[in-house]
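Reading through the structure tokens given below for one structure.
The first residue in the sequence is number 1, and the count goes up from there.
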Amino acid sequence: KVSAFSPKREYFVTLVYDITAEKNEQKNLAESNKLLSDFLNSSCDMIYLKDDRLRHVYANKALADFLEKQPFELIGKDDFELYPAAMAQHCRETDLEVINSKSRSITEEIIFDKTFETVKFPVSYPNGTSGVGAFIKEITDQKRQEESLKRQIHRQNTLTKIFVKNFETERELLDYSLNRALELTG
């Protein structure tokens, strides 16, 4: 960096500053930010950070794709600008709970016929303010598999009871078995 000035007539002063270290720090910071952004954008989970006014300061590609927008379009916007009113109000309430409690929360929510696990956590910014961050994972298939497994276990337990129970008569066996079969088939 070069600064030049003339303190009085016939004099000319030039100051030269070596800003190599500053430029290297800026370059390293930009590379680090890019690496972090690439890492977060590679996730299928939706990820965001919000400031103390609950406006997005970061949104990854998965969240932007879910909202059918580009990530930069989410920056500076609050949930009321992005979601239907009831959903936005719910998000705001849970965001505020996390900020006020200064603790992480894990919830499951059904949105548009899909199940999501949301992990929200408090964020402290360098300027002394607090915000909230979240990882939101779609777990619809996992929940369906869990429900299917529960039904299978219930069926197996019912069948096991039929086979190990002692019955006085065949009629008692048939009545018990038919009632259990009705339970299993709904």
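Screening residues 164-183 for ring-ring contact (aromatic ring centres under 6.0 Å, His included) gives Phe167-Tyr176 as the qualifying pairs, with residues at least two apart or on separate chains. Applying the ring-ring contact (aromatic ring centres under 6.0 Å, His included) test to every pair with at least one member in residues 61-87, sequence neighbours left out, gives these pairs: Phe66-Phe116. Identified under the salt bridge (charged side-chain N to carboxylate O under 4.0 Å, His left out) test for residues 13-28, with sequence neighbours left out: Lys27-Glu31. Applying the side-chain hydrogen bond (donor to acceptor under 3.5 Å, both in side chains) test to pairs two or more places apart or on separate chains, none has a residue in residues 151-173.
The other members of the hydrophobic cluster of Phe121, by chain and number, are Leu36, Phe39, Leu40, Ile47, Leu49, Val57, Tyr58, Val123, Tyr125, Phe135 (side-chain heavy atoms under 4.5 Å, ILVMFWY only). Taking a 4.5 Å side-chain heavy-atom cut-off between Ile, Leu, Val, Met, Phe, Trp and Tyr, the cluster of Ile75 contains only that residue. Members clustered with Leu35: none, using a 4.5 Å side-chain heavy-atom cutoff among hydrophobic residues. By the 4.5 Å side-chain criterion applied to Ile, Leu, Val, Met, Phe, Trp and Tyr, Leu149 is assigned to a cluster that also includes Ile153.
Without hydrogens or angle criteria, Glu81 side chain to Asp78 main chain gives a donor-acceptor distance under 3.5 Å. Distance alone, capped at 3.5 Å, places no donor-acceptor pair between the Thr115 side chain and the Ile110 backbone.
The number of heavy atoms from other shown groups lying within 6.0 Å of CG (Leu29) is above 12.
Contact record, Leu63 with Ala59: CD2-CB, 3.9 Å, taken as the closest heavy-atom pair. Of all heavy-atom pairs between Ala64 and Pro71, the closest is CB-N, 3.4 Å. Across Cys44 and Ala62, no two heavy atoms sit closer than the pair O-CB, 3.6 Å.
The side-chain hydrogen bond (donor to acceptor under 3.5 Å, both in side chains) with Glu146 is formed by just one residue from the set Gln142, Arg144, Lys150; it is Gln142.
Legend: residues meeting salt bridge (charged side-chain N to carboxylate O under 4.0 Å, His left out) with Asp113, ordered by chain and number and at least two apart, are absent. Checked against side chain to side chain donor-acceptor pair (under 3.5 Å), Asn179 has no partners two or more places apart in sequence or in another chain. Residues that satisfy the salt bridge (charged side-chain N to carboxylate O under 4.0 Å, His left out) test with Asp52, not counting sequence neighbours, are absent from this structure.
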>> What verdict does the side chain to side chain contact (heavy atoms under 4.5 Å, CB included) test give for Leu82 and His56, after you've listed the backbone C-alpha separation in whole Å, the side-chain angles of each residue and the deciding distance to 0.1 Å?
In response: CA-CA 11 Å; Leu82 301 170; His56 288 83; 3.5 Å; yes

Show every donor-acceptor pair shorter than 3.5 Å between a side-chain atom in residues 95-109 and any protein atom, with sequence neighbours excluded, or say none if there are none.
unit_1: Asp95; atom_1: OD1; unit_2: Tyr48; atom_2: OH; d: 3.2
unit_1: Asp95; atom_1: OD1; unit_2: Lys120; atom_2: NZ; d: 2.6
unit_1: Asp95; atom_1: OD2; unit_2: Lys50; atom_2: NZ; d: 2.6
unit_1: Asn100; atom_1: ND2; unit_2: Leu96; atom_2: O; d: 3.1
unit_1: Ser101; atom_1: OG; unit_2: Glu97; atom_2: O; d: 2.8
unit_1: Ser101; atom_1: OG; unit_2: Val98; atom_2: O; d: 3.4
unit_1: Ser101; atom_1: OG; unit_2: Ser103; atom_2: N; d: 3.3
unit_1: Ser101; atom_1: OG; unit_2: Ser103; atom_2: OG; d: 2.9
unit_1: Thr107; atom_1: OG1; unit_2: Glu109; atom_2: OE2; d: 3.2
unit_1: Glu108; atom_1: OE1; unit_2: Lys143; atom_2: NZ; d: 3.1
unit_1: Glu109; atom_1: OE1; unit_2: His90; atom_2: NE2; d: 3.0

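Of the inter-residue distances, the one linking Asp79 atom CG with Arg55 atom CZ reads 10.5 Å to the nearest 0.5 angstrom. Atom-to-atom distance recorded for Asn60:CG and Asp38:CG is 12.0 Å, nearest 0.5 angstrom. The line from OG1 of Thr118 to CD1 of Ile136 is 4.5 Å long, rounded to the nearest 0.5 Å. With rounding to the nearest 0.5 Å, the separation of OG in Ser37 from NZ in Lys61 is 11.5 Å.
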